[in-house]
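Worksheet: one structure, shown below.
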Amino acid sequence: MTDRDRPPTSDPDPHATPGAAGAEMPAVTKRTTAKKAAAKKATTKKAAAEKTAATKTTAKKTAAKKAPAQAATKAAATKAAAKKASAEKAPAKKAAPARTTTPVAASPATSPSASPAPSSSVSPAVPFEDRERLIDGTHHDPHAVLGAHPVPGGIAVRVFRPYALGVAVHAEGLQVELRHDGDGFFSALLPLAEVPAYRLEVAYEGTVLHTEDPYRFLPTLGELDLHLIGEGRHERLWQVLGAHPMTHQGVEGTRFSVWAPNARGVRVAGDFDLWDGTAYPMRSLGASGVWELFVPGIGEGELYKFEITRPDGSKTLRADPMARRTEVPPATSSIVHASHHVWGDEEWLARRAERPAHEAPLSVYEVHLPSWRPGLSYRELAEQLPAYVKDLGFTHVELMPVAEHPFGGSWGYQVTGFYAPTARLGTPDDFKYLVDALHRAGIGVIVDWVPAHFPRDDWALAQFDGRALYEHSDPLRAAHPDWGTLEFDFGRREVRNFLVANALYWCEEFHIDGLRVDAVASMLYLDYSRESGQWTPNVHGGRENLDAVAFLQEMNATVYRRVPGVVTVAEESTAWDGVTRATHHRGPSGFGGLGFGLKWNMGWMHDSLQYMSHDPIHRRYHHGEMTFSMVYAYSENYVLPISHDEVVHGKGSLVSKMPGDWWQQRANLRAYLGFMWSHPGKQLLFMGQEFAQGSEWSEARGPDWWLLDPSYGAAADHRGVLDLVRDLNTVYRATPALWARDVHPDGFQWIVGDAADDNVFAFLRYDDRGSPLLAVSNFSSAVRPDYRLGVPDDVPAWAEVLNTDAARYGGSDVVHPDPVKPEPQGWHGRPASIRLTLPPLATVWLRPA
């Protein structure tokens, strides 16, 4: 659990009201009501003005639209001028790399050059019921009606282009003009025995387009894909849902697919149809709940959304839940994307699985990318962040959520685009470039992942297809009580699949080395932040969310199976049993483990910071706050987190929590960091705390880098802390006793843990070969000369390897430059002892000389 403020968002959607103008013009219609005509005219006029530059249309497209009656009177002229118009080239609607349409100039009242449709007693026109459903956006199988189909007497060709003036079919040795049946429907009966390969010639006012017919293509999703989606077991879901540029049946275009089982109909809207999806209805692929359409000529960079007809007949325009790229907020459209990044981190990936994370050195620098150095893009960060982190010796960075989110003040914890890195800093390939650069610098990348909840924005996941879909249908389980957001329905297999595949997506597609799962406690308990009567017990009468438990177990098991070397980390603030236990091992509670690799030790963090906040003279009364962590240190695989949550919302920065004057505050901070780095568990430190920033963090301002500027009078004080952090990491990584047996009780031994009156803590850490490191912390402001400590008798001498009181760090320089030899005098239950002068407010590390 965290205490961050995450208000719900309601950012405006620039494409919330679709318009149609410019490239596609009104045709003759027999049934459009006056209200619809007026609305269409208004939206087309607005869209034409706004879209002219983006689509590079000619001035003709922004002219006043001809009324249906006027278009009808010009039908004869349109047919007469068709051949001449089709030979002239018109400017393209919009340049797109993958587009296959070939615009041809035409006079304003042009229809395609073709022979009249052959007569027949069989009408090829779209049946009335299908026309109604296609117009209303509620047809589940437009491919069964539109396109080319064998019928008695030949091949019926049916086209739905609401704003076209005329349509013709071009096949080998055959060109046929289709009859306009009204409402934008065109049809003809071809005197053929089999469906030919054909293209369409579509005339609009001022433009003729040669294009493929989207309704002549077979489905792009196979039976196995649909079967796995239905079972909730498609582990690479991002490869089948969403928007994918591809070559299908020899034609370049984009496959659009979306899961919307409650929808009465789904259409694709975007820049390519001026945000009117009428002509692009998708087909339902059976009981899977998936809708699909291959649109030829659409390629990378196109904006799109899904226009969904809800069960009540109303419509909603939604961003793609599987979008791999989005517009820069506050814009909300999805963008067709294909990756072209060539990875250069093969060496890193080959060796990252050599040791499990809990038995390897792991010190983490937590970063909020947009504010680390405000204004830098992913690629600019790649030039600065790896060098900085490598210089300080951290093994990993942990990035606060990078998935797309509309409200920057949520720091990324209110995700709407679970499959898209935020566009604020660049493209998905730009983010890959940053990860690649970190790997090549020898630095692992952990990202914060937020499956606990999502915001209520009406263009995103909430009530996606008109009913509760991603959220739970039970109102008592759908709303998150703390953040005004919605909770996922972890019991629904398709939702669980969406999230499990998302975890794999970041690891496989972006080479992420770890996922830190946010707010796990809020997922595990049905009564989390809820009063009596606001929650319903599980089937056993308990408070555990069994669906969430099953989801977390499946996610962890799948990630560890599919991506060796990746670690998952739980931010879990309670005493839930078995967070880092294997999923198949049951504990005393009867549950299998959740399967995480590591867990944030929130108890250590709260207790130790509480101890440090007291004046040294009062710390004797709070001594147990520093020793209690060793009672449960081996119950889980722990990370010791000093995260962003501890330096915001009035809590102050890490150094400002310390008592005393400025010298004492820095000395306390240095002693605390020395104690933290030697305590069992991995380390995490939030940006800005590595150089004792005095003010708390602001996402708008970022760290106070000016404190390190040599021209600033107190810069040396801050550089002293920075130098200490560098040395802590350097000695830590070179000393297996500090990390190899973090999760094994035999890797730690107290020397003295009850010296409350002295404010002293001393303990030994051991590596796999039994080699020790001695850590001693004096949290009093007094120098303690000749302080005797019991030690093993098999170490002939101890050498000081780190002292937080050294002058180079800003301390009083009470150090031990020479080796310290044990005396044969027993002490603290040990056969030998050494005498040290303990510096004030300092931590000292010694290891065998």
* Would W238 and R236 satisfy side-chain contact (heavy atoms from CB on, under 4.5 Å), going step by step from the backbone distance to the final call? -> CA-CA 5 Å; W238 67 91; R236 308 198 92 187; 3.7 Å; yes
Tell me, do [X] and [Y] make a side-chain contact under 4.5 Å, heavy atoms counted?
X	Y	value
M282	V268	yes
R133	H140	yes
L174	L190	yes
S257	T220	no
E205	L165	yes
H149	V195	no
T326	H337	no
L178	V159	yes

Can a donor-acceptor pair be found, under 3.5 Å and without considering hydrogens, that links the side chain of [X] to the backbone of [Y]?
X	Y	result
Q414	P406	no
E404	A423	yes
H234	E494	no
S333	Y304	no
T211	L200	no
R255	P245	no
R267	A279	no
D312	S314	yes
D474	L476	yes
Q249	L218	yes

* Check the pair I135 / D183 against side-chain contact (heavy atoms from CB on, under 4.5 Å), numbers first and verdict last. => CA-CA 8 Å; I135 291 169; D183 294 337; 3.7 Å; yes
* Dump the intermediate steps for side-chain contact (heavy atoms from CB on, under 4.5 Å) on E307 and Y280, then the final yes or no. => CA-CA 10 Å; E307 181 191 87; Y280 290 102; over 6 Å; no
Distance-minimising heavy-atom pair for [X] and [Y]:
X	Y	value
A156	L189	N-CD1, 3.9 Å
G232	N497	C-OD1, 3.2 Å
F464	T316	O-CG2, 4.1 Å
I335	E327	CD1-N, 3.8 Å
P455	A462	O-CB, 4.3 Å
G417	A403	O-CB, 3.5 Å

What's the separation between atom [atom1] in [X] and atom [atom2] in [Y], rounded to the nearest 0.5 Å?
X	Y	atom1	atom2	answer
F454	L486	CZ	CG	4.5 Å
L228	L237	CG	CG	10.0 Å
L303	R325	CG	CZ	9.0 Å
R496	R233	CZ	CZ	6.5 Å
F272	T254	CZ	OG1	8.0 Å
L221	Q239	CG	CD	11.5 Å

Are the charged groups of [X] and [Y] less than 4.0 angstrom apart, N to O?
X	Y	value
R318	D465	no
D181	R179	yes
R199	D213	no

* **Pair Y419 + F498: ring centers closer than 6.0 Å** => yes
* Asked: Going through the checks in order, is the side-chain hydrogen bond (donor to acceptor under 3.5 Å, both in side chains) test met by E252 and T247?
  -> CA-CA 4 Å; E252 292 185 358; T247 300; 4.6 Å; no
* Asked: So with a 6.0 Å cut-off around CD of E223, is the heavy-atom count from everything else above 12?
  -> no
* Asked: Has R310 got more than 12 heavy atoms of other residues, nucleotides or ligands less than 6.0 Å from its CZ?
  -> yes
* Parallel, tilted or perpendicular, as decided by the 30° and 60° cut-offs, for the rings of F418 and F488 -> perpendicular
* Kindly assign one of parallel, tilted or perpendicular to the pair H480 and H453, based on the angle between their ring planes and the thresholds 30° and 60°. => tilted
* To do: State whether a side-chain donor-acceptor pair under 3.5 Å links H244 with R324.
  => yes
* Give the intermediate values and the outcome of side-chain contact (heavy atoms from CB on, under 4.5 Å) for residues L241 and I229. => CA-CA 10 Å; L241 296 184; I229 291 171; 4.3 Å; yes
* Asked: Checking side-chain hydrogen bond (donor to acceptor under 3.5 Å, both in side chains) for the pair D276/T278: CA distance, chi angles, key distance, verdict?
  -> CA-CA 6 Å; D276 186 337; T278 306; 2.4 Å; yes
